[in-house]
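Chain naming here is simple, since letters A, B, ... match the order of the sequence lines and numbering starts at 1 in each.
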Amino acid sequence: MLKSVMAFFDLVFPLKLKPLTYEMEGAKTLLPGTVVEAELKKTIRRALILDENLPGENVSGEGRGQGAGKFPTKTIKSVLTDGPAISAPLLGLLKWMAGYYMVPEGLALKVMFGGELFEKGKPRKAKRPERGGTRPAGAEAPAALLTASDAVAALTRIRQAQDYRAFLLHAPNGPFEGELALEASRDQKGVIVICPERSRMMEYERRMKPVFGGRLCVLHGGLTSAKRRFAYEKILAGETDVVLGTRVAVFAPLKKVSLIILTGEEDPNYKNRQDVRYGTREVAVMRAWLEKARVLLSSICPSAESYLNALRGKYEYLRFPGEKPAVRVLLDSKKKSGSGLPAGGDIMDRAITAAFAGALEKGRNALLVANRPGHSVPLCEDCGHFERCPSCGTALVLHKTLKAKKAGASASLLCHHCGFVKGAQETCGVCGGHGLKPLGAGIERLKEEAERLLTGTMGIKIVDRGKKTEKPEDAPEALLPLLYLGTKRVSKIAGEAGAARPKIAALIYPESAFFRPGFRSRERVFAEINHLADRLSADGKIIIQTKTPELFRAMKELDYEGFMKEELEERKALGYPPFSKIAQITIEAPTKPMPAQAPPPVKTRSGVEIPDAQVLGPIEKTDEKGKKFFLLLVKAPTARALKAAVGAALRTIAPGAKVTVDIDPA
DNA sequence: GTAATAGAAGCG
DNA sequence: GCTTCTATTACA
């Protein structure tokens with residue numbers, strides 16, 4: 001009898017699942033990217049055709065080959081799209097994501113489109129994408145920014161480049177960065193503009209909407225799934241070809257992309273922390289490569305990775321130097337005078353309070369930044385005792401504004417590691433002494449001091465929290481000088497004050513940031529100071545109060561090249577990125593210390609040894625809930641070698657443990 | 001000893 | 001994501 005013609009296809013479901021082979025009756029061939037329905041464990045689900053699984057061909061992995069072999073294949077129930085729903089470059093990106101980040105293709109698919117690309121349900125006509133003008137409109141576009149001839153030349157190069165081309169824009173300031181992004185995309189078709197966070201994206205939206213109108217589409221993780229689906233439909237239909245968004249926008253299913261702009265390219269927000277731990281910058285560059293498109297990475301303080309790529313000629317470097325505010329590093333005066341505190345035991349250096357008072361008296365705004373939440377650690381002067389967290393052992397921090405539910409306590413002691421809370425006492429818990437001395441400079445304590453030293457004599461409004469209440473009721477107070485006080489969050493708000501940006505900023509003991517884990521901590525601190533500088537007025541000034549001025553020596557002039565030279569030399573010496581590739585393996589094993597202490601020499605599949613790959617660890621850590629886990633760090637000279645080395649390391653881990661792999665960890 | 005339940009594996 | 005299989009615990 002005539003046997004019916006069968007074709008076999010590898011399908012990807014948007015689940016944590018590798019591709020599976022299904023069959024389809026008839027000679028009709030389905031193109032990769034086509035959406036179909038097929039049965040998985042008795043339920044019919046939507047999936048994407050990844051490849052045709054041709055007889056005799058062995059597609060990625062074990063025992064598959066032609067589907068008609070070892071196991072019975074199920075059949076594709078129906079075909080939902082007439083041809084590919086997503087472009088070939090995007091499909092390529094999916095495969096690259098799965099390979100590079102070592103996750104199943106299904107998980108990559110899920111992360112890229114969140115499942116919405118596959119859900120059924122009729123898209124309702126959008127209500128009104130326009131939102132009412134809720135904003136007082138801060139910084140306005142200094143329109144003449146880009147008239148300088150070198151800026152015009154840069155724009156021309158970006159616009160006219162053909163095929164794949166990467167640019168690194170080292171912008172002098174945020175407004176310039178935004179202006180160049182807008183101008184570069186102005187007469188382009190198929191543009192993706194990505195911002196590191198939603199609030200920045202909304203600023204860009206305000207600027208781009210008048211230019212692109214209905215061509216502009218917004219895409220970010222906070223969209224409801226209906227809105228997200230609606231956005232996808234507009235993009236797929238070609239109704240909009242300019243996509244603005246946060247990191248998920250890098251996957252926008254445009255038919256054709258010609259320009260990708262990644263603003264604030266060094267921002268840590270670009271690292272995805274769940275499921276597929278991708279880096280948006282790496283994905284953006286890879287997508288541009290696959291799309292044969294141009295990619296513009298921009299920042300006021302580019303990452304060491306991108307800067308090295310620029311130095312090596314992989315990216316075209318567009319450098320626009322700008323005036324930077326003066327940075328002054330103050331040695332902590334108390335260090336010299338021992339424990340003999342000045343009157344009142346002030347934390348802030350006199351030079352800072354004087355400079356702040358000067359600026360505020362002139363009606364200028366000021367910004368005080370510290371990394372520590374809470375007030376202080378109460379230390380008993382009599383017996384030296386301080387309270388520790390029962391599970392973490394770390395010092396508990398006094399929060400005066402946080403009321404503990406414990407009877408009688410007007411303040412509480414909080415563990416910043418695990419969140420443990422208890423009521424605070426007025427006296428020492430061990431000796432009953434009354435001499436509790438505050439140790440450390442938390443925001444709450446700084447606020448007390450600022451109120452005492454600065455607001456006492458003049459009318460000043462302290463702004464110390466997020467913009468939950470952004471009402472125009474500030475109007476009468478708008479004349480008062482503002483003292484912004486808080487962590488980075490507050491400095492962001494201060495930077496959005498348009499013409500009234502702070503004239504002076506002080507950082508109180510920022511050195512703790514140097515000791516955050518990870519090899520990038522220095523670079524982060526430097527970038528943060530640069531961003532702080534960008535938030536100040538043109539005649540701004542930053543004062544750093546520190547006990548370790550040596551650590552800030554390289555940051556003092558905000559000399560980017562000088563800093564990067566040192567930083568890159570150190571990274572090279574230690575074998576860290578961008579001179580190597582690294583991966584971090586997290587192992588959640590209940591009690592087992594670790595199966596293999598010394599991993600075997602790293603080899604590729606074919607048995608070739610990789611000379612410079614190494615596996616460090618395991619080290620034991622405890623998470624916020626007090627749960628133990630273990631970390632392995634894998635270093636290798638190239639991405640390829642890294643993959644092999646990670647594979648080798650994984651084989652040494654006993655089964656039963658929950659393992660996650662993070663390629664290029666933050 | 002079996003039943004109830006939780007957690008991991010596998011899905012073509 | 002949902003089913004199914006397996007390991008573990010509860011319980012008469």
Testing A:F251, A:Y270, A:Y100 one by one against A:Y278 for a ring-ring contact (aromatic ring centres under 6.0 Å, His included), which residue passes?
A:F251

Nearest whole Å is fine: how far is C:dT3 P from A:L15 CG?
13 Å

Does a side-chain N or O of A:K110 approach OP1 or OP2 of C:dG1 to a distance below 4.0 Å, or not?
yes

Nearest-Å distance for atom pair CD1/P, residues A:I44 and C:dC2:
15 Å

Interatomic distance, A:R46 CZ vs B:dC11 P [rounded to whole Å]:
24 Å

How many Å lie between NZ on A:K77 and P on B:dC11, as a whole number?
17 Å

Between P on C:dG1 and CG on A:L109, what's the gap in Å once rounded to a whole number?
12 Å

Rounding to a whole Å, what distance do you find between A:K41:NZ and C:dC5:P?
7 Å

What is the distance, rounded to the nearest whole Å, between atom CD of A:E105 and atom P of B:dC11?
15 Å

Where the side chain of A:K42 is defined as all heavy atoms beyond and including C-beta, which of C:dC2, C:dG1, C:dT4 is the nearest nucleotide?
C:dT4

Output the distance between atom CE (A:M97) and atom CD (A:E105), rounded to the nearest 0.5 Å.
11.0 Å

Please name the pair of heavy atoms, one in A:P373 and one in A:H416, separated by the smallest distance, quoted to 0.1 Å.
O-CE1, 3.5 Å

Between P on B:dA6 and NZ on A:K658, what's the gap in Å once rounded to a whole number?
18 Å

How long is the gap from CZ on A:R229 to CD on A:E116, to the nearest 0.5 Å?
7.0 Å

